[in-house]
Amino acid sequence: MSESTITSVLVANRGEIARRVFASCRRAGLGAIAVFSDADADSPHVTDADAAVRLPGVTPAETYLDGKKVIAAALAAGADAVHPGYGFLSENAEFARSVLAAGLSWIGPRPESIERMGSKVEAKKIMADAGVPVLAELDPVGLTEADLPVLVKASAGGGGRGMRVVRTLDELAGQLDAARREAAAAFGDPTVFCERYLETGRHIEVQILADRHGTVWAVGERECSIQRRHQKVIEEAPSPLVEATDGMRERLFDAARRAARAIGYEGAGTVEFLADGTGEFHFLEMNTRLQVEHPVTECTTGLDLVDLQFRIADGDRIESEPPPVQGYSVEARLYAEDPARDWQPQSGVVHRFVPPQPAVEFDVLRRTGVRIDSGIVAGSEIGVHYDAMLAKVISYAPTRDRAVRLLASTLARTEIHGLVTNRDLLVDVLQHPAFRAGDTDTAFFDTHGLAELSAPLASPDAEEVSAIAAALAASAAERSTATVNAGLPSGWRNLPSHPQIRRFAAGHDEHEVRYRITRDGVRVDGRDDIRVVAYTPDRVTLDVDGVRRRLSVARYDATVHVDSSLGPVRLTALPRFTDPAARIPAGSLLAPMPGSVIGVDAAVGDAVEAGSPLVRLEAMKMEHTVAAPVAGILTSLDVTVGDQVAVGAVLAVVTPHDETAPLTTPVTEG
């Protein structure tokens, strides 16, 4: 082992990514320095660091994508190394060169390697020459119907940004333009290319590590086939497909090592492949950085991959062979988004995020348990400028079945308050028979139905029981703050009277709770099967059909979260009377998420068809199109390019050709 030259590391990233690297800094005895945008001034990653430097601005381009600002911050804080994390500048060769030119250590591969893999077009040529199987690149100019469908991909990016599926030639030009805009916003490079789109496949990737002395490890494979919008949602190690296919692991590892040696690779990286059910595979891309899903490899190998990055950057030799894989690990990405509404990203405050049992943070699991890598704490505000991922929840167990079951149970019982998330979808996928059998591919949501897979965990009856608990908790809260008849329950009457009524919305349903508080206790109208045992402002105990249930209740303005063994339920308390000023004109298009208006595709007076794109929003580094709900005339347009809009804001109004035509919820398309 050589003498260390790295003593203090600046992480050129934010949130969970920065916190993950800081955890390894602590274990290695290294200083940890953060950078932060104005939007991230109160982020937990800033608190975690020994020192933090402000990057003025809020957008990625103004802050985390500005390499000059980041390097100046490192020098000002006295760092001697820069770790790029994943995303932002992590695969920017010019940034890596600038870090080295500033006299700082670069914790990543050589700039030349990043550059050669940075263009996915060039990367495919290099891989083909190295004997790695690849899918042919297609020139958008010469595409014919016979080439369809094709996938448009950002040459410089990843994470699903700048990707579009094209099924007809008529939509090619528009999808190319949209992909270029999204790629430029996310990566600073609008270059895109096309390749044949395989409707189904298994996304398999190999973690590699290589030192500067010629040793190359294929550490293990991961399967990342559960995806939405070409972004991974659930990942696992090892891969069920590879486990079941004779000889596939050896061929995968050989291809990954060939890829690394072809570009003289150093450090941690990932070689990604698309495989079919027979075990044949093609090269997709090489990520010259750490991956979001690296924890499942850490848990199955016992390696701290970030610490190995430090060691390799310091010139250390790694052992001749990696440790063997033991056990199974599964990771789920918890996003602030609504899958049932076309994956709409959400913003707002995280009021509570508490798992059901203690979990390790940012550390390697070596026994059955749960790890959480998160960039949030209670009170964190999720804005519109960055990725919508809240946390990664990772399980580890001796068998795949136990790892999957543990992860599903942990997610279902975690108290997540304040935002709509994809939690129910994650649990539904993990519990689905096809997933439990390892029968997954990239079309999983299409095959098994997004509506089914995003169904609430709580049944309609469980929602009703939760609404009853919410009503009783509200009554107890009012009793605790009463100044008249203090100590008496809200709604208490000495003689029989009309019931107290409270109404709640849950999803698309409404629940009306009628209850009476009498000398003999609380009676819930219409529910003779329920006996109220006890109730306080934050906890209600009910006997339901002879089974005692404890329900925790938390209220944040009109939003009520009820957690119990029946499943988590999010309710909205409805007012007794509707404010006329709150009514929205018929035909209104509402902003599905907060964001910036980047395009308006029609003018007042235009005749539009149902589904015609009218307004384009950019939120959380993705582009979203808001379309006309019905055919009609655009009678009002309330936004212009550059406007910042809040969720629920009226963007435009379409008056139907037939005023009696029913209106539907605005359609959104990614």
Side-chain angles (χ1 to χ4, degrees), residues 332 334 338-340 351-357 370 393 404-433 436 451-477 501-515 521-556 558-574:
L334 184 68
D338 189 347
H351 294 299
R352 186 169 175 81
F353 180 63
V354 179
Q357 68 272 333
V370 173
V393 184
V404 171
R405 187 171 65 246
L406 175 59
L407 181 57
S409 173
T410 298
L411 285 166
R413 295 163 56 213
T414 295
E415 296 180 3
I416 307 169
H417 297 175
L419 288 169
V420 174
T421 73
N422 67 335
R423 182 260 299 279
D424 289 8
L425 173 128
L426 295 172
V427 177
D428 285 338
V429 171
L430 291 166
Q431 293 179 337
H432 195 279
R436 298 296 290 267
E452 176 189 344
L453 291 169
S454 56
L457 296 181
S459 67
D461 186 66
E463 280 188 358
E464 183 175 341
V465 172
S466 296
I468 291 168
L472 295 173
S475 176
I501 301 174
R502 296 182 190 267
R503 295 168 51 243
F504 300 91
H508 300 294
D509 297 325
E510 288 190 10
H511 300 278
E512 183 175 87
V513 181
R514 294 171 173 261
Y515 62 97
V522 181
R523 290 185 298 162
V524 181
D525 285 9
R527 293 300 302 253
D528 293 337
D529 60 324
I530 291 180
R531 184 174 68 87
V532 180
V533 178
Y535 62 104
T536 67
D538 57 6
R539 186 173 295 275
V540 177
T541 303
L542 304 174
D543 268 352
V544 184
D545 270 337
V547 178
R548 184 158 294 192
R549 305 281 187 182
R550 290 193 303 273
L551 301 97
S552 298
V553 182
R555 182 164 182 157
Y556 311 94
T559 300
V560 185
H561 290 270
V562 182
D563 294 286
S564 74
S565 59
L566 296 171
V569 174
R570 176 191 173 101
L571 302 165
T572 301
L574 300 176

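The residues of the chain are indexed from 1 along the displayed sequence.
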- Message: What I'd like to find out is whether the side chain of L472 reaches to under 4.5 Å of the side chain of L542, using heavy atoms alone.
- Response: yes
- List in chain and number order the residues that pass side-chain contact (heavy atoms from CB on, under 4.5 Å) with A470, two or more places apart in sequence or in another chain; answer none if no residue qualifies. F504, V560, V562, L571
- Query: Of the non-hydrogen atoms in A458 and V569, which two are nearest, and what is the gap between them?
  - Reply: CB-CG2, 3.5 Å
- Message: Ignoring hydrogens, what is the shortest heavy-atom contact between D428 and A455? Give both atom names and the distance.
- Response: OD2-O, 2.7 Å
- Query: Mind checking what makes side chain to side chain donor-acceptor pair (under 3.5 Å) contact with R405, not counting sequence neighbours?
  - Reply: D401
- Message: Suppose the criterion is side chain to side chain donor-acceptor pair (under 3.5 Å): which pairs have a residue in residues 460-473, not counting sequence neighbours?
- Response: D461-R527, E463-H511, E464-R527
- Note on the structure: Sorted by chain and number, sequence neighbours left out, side-chain contact (heavy atoms from CB on, under 4.5 Å) with R549 holds for V544, V547, L551, S565, L566
- Message: E452: which residues meet the side chain to side chain donor-acceptor pair (under 3.5 Å) condition with it, sequence neighbours left out?
- Response: none
- Going from CZ on R436 to CG on L430, what distance comes out if it is rounded to the nearest 0.5 angstrom? 8.5 Å
- List the steps, then state whether side chain to side chain contact (heavy atoms under 4.5 Å, CB included) holds for F353 with L334. CA-CA 11 Å; F353 180 63; L334 184 68; 3.7 Å; yes
- Quick one: list whatever passes side chain to side chain donor-acceptor pair (under 3.5 Å) with S564, sequence neighbours left out. none
- Query: So do the side chains of P356 and T410 get within less than 4.5 Å of each other, counting heavy atoms only?
  - Reply: yes
- Query: For V370 and V393, which heavy atoms make the closest approach, and how far apart are they?
  - Reply: CG1-CG1, 4.0 Å
- Message: Quick check: closest heavy atoms across Y535 and A476, and the distance to 0.1 Å?
- Response: CD1-CB, 3.8 Å
- Query: Residues two or more places apart in sequence or in another chain: which of them pass salt bridge (Lys or Arg N to Asp or Glu O under 4.0 Å) with D338?
  - Reply: R341
Just distance, no hydrogens or angles: give the donor-acceptor pairs under 3.5 Å from side chains in residues 415-423, sequence neighbours left out.
from : atom 1 : to   : atom 2 : distance (Å)
E415 : OE1    : R352 : NE     : 2.4
E415 : OE1    : R352 : NH2    : 3.0
H417 : ND1    : Y556 : OH     : 2.8
H417 : NE2    : D563 : OD2    : 2.7
T421 : OG1    : R423 : N      : 3.2
N422 : OD1    : Y335 : N      : 2.7
N422 : ND2    : R333 : O      : 3.1
R423 : NH1    : L411 : O      : 2.8
R423 : NH1    : T414 : O      : 2.7

- Message: My understanding is that only residues two or more places apart in sequence, or in another chain, count here; which of them pass side-chain contact (heavy atoms from CB on, under 4.5 Å) with T536?
- Response: D538, R539
- Message: Suppose we screen for side chain to side chain donor-acceptor pair (under 3.5 Å). Which residues come up paired with T559, at least two apart in sequence or across chains?
- Response: none
- Which heavy atom in A412 sits nearest to a heavy atom in P568, and how many Å separate them? O-CD, 3.7 Å
- Tell me, which pairs form a salt bridge (charged side-chain N to carboxylate O under 4.0 Å, His left out) where one or both residues lie in residues 505-515, sequence neighbours left out? R503-E510, E512-R514
